[in-house]
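Being a predicted model, the structure only gives us computed values, none of them experimental. Ligands are counted one by one from 1 in listed order, and the atoms in each one are counted from 1 as well.
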Amino acid sequence: MKLLTGNSNKNLSKKIAKNLKSKLINSSIRKFADGEIYVEINENIRGNSIFIIQSVSSPANDNLMELLLCIDALKRSSAKNITAVIPYFGYARQDRKVVPRTSISAKLVSNLITKAGADRVVTVDLHAGQIQGFFDIPVDNLFGTPIFARHIKKNIKSKNIICVAPDVGGTERARALGKLLDVGLAIVDKRRPAPGKSQVMNVIGNVKGKTCILVDDIIDSGGTIVNAAKALKDRGAKEVYVYITHGVLSGDAINKIKKSIIKKLVITDTIDNLGKTNKAKNIEVLSISNLMAEAIKRISNSTSVSDLFK
Ligand code: R5P
């Protein structure tokens with residue numbers, strides 16, 4: 001078994017490699033003057049099982065193309081099998097036609113990864129579980145909720161906690177965390193009047209006097225979470241913590257979080273954000289590297305990955 005990293009999140013790849021007591025494959029990933037990406041594997045990998053680690057985070061198009069070219073280079077170098085380890089699976093939010101005449105990017109990206117030559121995909125908190133079915137190869141979707149549950153139990157001492165989904169689509173995720181913490185569930189009724197804009201219509205459930213744990217898969221512009229947190233406070237919540245797997249954190253998101261009533265935003269390192277998050281006191285980053293390393297080990301040894309979540 002060998003590990004290859006793309007350029008999107010080398011810090012995470014190094015942590016995974018350290019955990020597995022393995023080295024990253026010697027490779028060169030560069031750009032031609034016109035921006036085309038060039039991948040070269042600088043060591044023999046013939047007959048090896050290779051795990052290529054690459055998040056499809058910003059710049060999403062470059063990082064996706066890097067992933068595809070890495071898979072292609074591995075295939076042409078006679079790797080025995082190739083697992084695409086995609087901590088943050090970008091392009092997943094367009095998973096159906098919400099209005100007529102739009103693309104379904106999650107399906108197209110799944111096709112591209114398979115066509116490039118991947119034999120298996122490992123990812124974390126897919127935006128929608130059914131995206132696994134867009135692939136005809138095995139997909140292991142790892143969950144961040146146990147990491148969050150451990151952090152909450154250790155750091156939040158309140159006896160009056162409630163898990164909150166910031167929109168109806170996030171209900172299952174919030175319920176799963178609520179189950180691990182043995183607490184109830186509330187749901188924010190969010191509408192999107194236009195792409196990138198979010199509006200809270202209502203809060204389903206009683207949050208008065210409670211410590212609210214908002215949980216989601218992605219924080220992008222921060223609009224969803226900041227508006228949801230405010231709506232909870234307006235309805236009498238005592239305090240609001242936020243747990244989100246993928247810190248996309250585009251544009252002014254960090255400032256919005258800094259200025260918000262959110263007591264703490266906890267994200268994972270599926271996306272390399274250190275340069276940005278260091279500047280905000282109410283943002284904490286937990287590493288997903290141990291979970292990913294353990295999943296890679298189990299896939300390599302053909303043992304159960306789902307047992308990790310029992
Ligand atoms: C949407 O369904 C996702 O789960 C997130 O709620 C959304 O992507 C967050 O976006 P933003 O931070 O831009 O509101």
Ring geometry between Tyr88 and His246 (parallel below 30°, tilted from 30 to 60°, perpendicular above 60°): tilted
Can you name the ring-ring contact (aromatic ring centres under 6.0 Å, His included) partners of Phe51, sequence neighbours left out? none
Testing the 3.5 Å rule here: is there a donor-acceptor pair between the side chains of Ser306 and Ser304? yes
Holding to salt bridge (Lys or Arg N to Asp or Glu O under 4.0 Å), I want the full list of residues that pass it with Arg298, two or more places apart in sequence or in another chain. Glu294
Side chain to side chain donor-acceptor pair (under 3.5 Å) with Asn61: which residues, sequence neighbours excluded? Tyr91
Gln54 side chain to Ala84 main-chain N or O, any donor-acceptor pair under 3.5 Å? no
Near ligand 1, at a heavy-atom separation below 4.0 Å: residues by chain and residue number: Arg93, His127, Asp167, Lys190, Arg192, Asp216, Asp217, Ile218, Ile219, Asp220, Ser221, Gly222, Gly223, Thr224
